[in-house]
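These notes concern the structure reproduced below.
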Amino acid sequence: MNSISYKEAAAFLKERDGFVVFTHANPDGDTIGSAAALVRILRSLGKRAVAVCADPIPQKLSFMDSDGIFTTELPKDIDTPISVDVASKAVLGAFGAFCDNQSFELTIDHHKINSLPCKRLLVRDNYIANGEIIYELALELGADIDKDTATALYAAICSDSGGFRYANTRAETYEYAAEFIRKGVDFVLINKLLFERKSPKQIDLERVAYNTLSLHYNGKLAVVAIDEDTATSLGVADSDYDVLNQIPRQISGVEVSAVLRPRDGATKVSLRSNEYFDVAEFAKRYGGGGHIHAAGYRFEGRVKDAASNLINDMDGAF
Ligand SMILES: [Mn+2]
């Protein structure tokens with residue numbers, strides 16, 4: 001793995017062709033927006049490019065799924081595989097086997113720890129969104145940013161920054177958003193799609209989540225845990241759970257919030273911190289990763305056990 005500059009990344013993209021841009025499974029606005037924008041930028045340079053995701057693109061992000069940008073199956077012959085916003089093999093989901101016997105030609109990421117096998121790494125781990133790196137790369141390439149590309153970049157940056165509210169949102173983050181708005185991006189609609197639309201199932205899920213909420217260590221740790229039976233009876237999809245992260249973190253005095261729910265016979269643990277606690281460092285103990293204020297891991301076991309392990313492990317942390 002070799003860390004490269006924007007100049008080197010731009011030269012590499014200009015030289016190569018036949019790009020397949022990989023996103024992470026259980027996709028969010030940042031990975032989908034980054035991939036959609038990068039594919040459009042590469043095509044504007046006359047290159048062949050498509051994007052892939054192991055999971056279906058959620059309805060709320062489907063405005064970026066047009067012009068044949070995303071294909072559901074991995075192409076047979078891949079000249080130049082690239083990843084965006086993918087920190088590890090595990091988060092590639094069903095496409096994880098891809099890197100069993102080959103490396104990504106270029107990995108573009110903003111996670112603190114990236115363990116993906118790759119030949120070239122373009123990382124800005126202090127950026128709130130991967131989409132910001134794609135934009136800066138587009139500037140280096142001198143690529144034309146049309147309205148659709150700007151829309152994907154706006155969605156990427158807006159999504160990971162929680163609507164320009166989270167730490168690591170920089171002055172430049174707002175400046176880039178202003179550029180995208182000048183291109184005609186319908187930011188009112190995107191903000192609404194990303195943050196204000198909830199399905200009836202998600203409201204059911206929130207109702208249950210409030211009932212499971214527990215506070216620990218003088219209210220520094222807040223835990224929401226949806227157990228296996230509840231998840232089955234609600235019939236929620238994996239992507240429905242993203243509304244839950246907001247619930248425990250909003251409580252005043254809470255430093256770390258955790259949302260636990262069943263996934264694929266194990267437990268998915270999502271962690272958020274408000275100020276000082278490095279949740280990425282904590283997630284590493286369980287083989288997970290992420291950012292200082294947002295991270296996650298997979299616990300091989302039931303939700304109940306994942307919750308008690310987590311609570312015990314946080315002893316002495318505050
Ligand atoms: Mn991201």
Side-chain angles (χ1 to χ4, degrees), residues 9 21-39 41 51-55 57-58 60-61 64-65 70 82-93 95 104 106-116 118 121-138 149 151-170 172-174 176-177 180 190-191 193-195 238-239 241-243 245-246 249 259 268-273 278-281 283-284 288-297:
V21 181
F22 285 67
T23 60
H24 64 74
N26 186 27
D28 59 16
D30 191 29
T31 198
I32 295 299
S34 290
L38 183 57
V39 167
I41 290 161
V52 291
C53 186
D55 290 331
I57 295 171
K60 69 173 185 181
L61 302 177
M64 290 183 272
D65 184 12
F70 287 91
I82 295 180
S83 72
V84 287
D85 200 30
V86 181
S88 66
K89 179 190 160 180
V91 301
L92 281 172
F95 292 161
F104 283 92
L106 173 63
T107 279
I108 304 172
D109 195 19
H110 70 129
H111 290 88
K112 246 177 97 174
I113 299 158
N114 189 297
S115 61
L116 213 57
C118 68
L121 185 63
L122 179 61
V123 167
R124 291 292 180 274
D125 65 3
N126 59 323
Y127 284 14
I128 189 68
N130 195 80
E132 293 182 283
I133 313 175
I134 304 295
Y135 181 55
E136 291 175 357
L137 184 54
T149 306
T151 295
L153 288 172
Y154 180 88
I157 292 171
C158 187
S159 176
D160 259 23
S161 65
F164 308 95
R165 291 180 301 130
Y166 299 156
N168 283 353
T169 302
R170 301 169 300 142
E172 288 84 351
T173 316
Y174 284 90
Y176 298 165
F180 305 146
I190 295 174
N191 293 347
L193 286 170
L194 291 179
F195 300 111
D238 207 51
S239 57
Y241 286 98
D242 58 8
V243 292
N245 286 321
Q246 295 302 328
R249 73 184 300 173
V259 173
K268 161 84 184 161
V269 181
S270 296
L271 298 172
R272 298 290 184 271
S273 68
D278 187 342
V279 287
E281 197 58 39
K284 244 167 56 175
H291 312 279
I292 294 173
H293 297 295
Y297 61 91

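For the numbers below, each heavy atom of this structure counts, side chains included, while hydrogens, waters and symmetry mates do not. Numbering of ligands and ligand atoms starts at 1, following listing order. These figures come from a predicted structure and were not determined experimentally.
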Legend entry - Heteroatom N/O/S of His111 within less than 2.8 Å of the Mn ion (ligand 1): no

Legend entry - N/O/S from Asp28 sitting under 2.8 Å away from the Mn ion (ligand 1): no

Inset, instruction - State whether Phe164 and Arg170 meet the cation-pi test: NZ (Lys) or CZ (Arg) under 6.0 Å from the six-membered ring centroid, and within 45° of the perpendicular axis. - result: no

Legend entry - No-hydrogen, no-angle side-chain donor-acceptor test under 3.5 Å, Glu172 and Tyr127: no

Inset, instruction - Verify whether one side chain among His110 and Asp85 offers a donor that lies under 3.5 Å from an acceptor in the other. - result: yes

What N, O or S atom of [X] is found closest to the Mn ion (ligand 1)?
X: Asp160; value: OD2
X: Asp85; value: OD1
X: Asp30; value: OD2

Legend entry - Pair Asp242 + Lys60: basic N to acidic O under 4.0 Å: yes

Legend entry - Under-4.0 Å salt bridge between Asp238 and Lys268: no

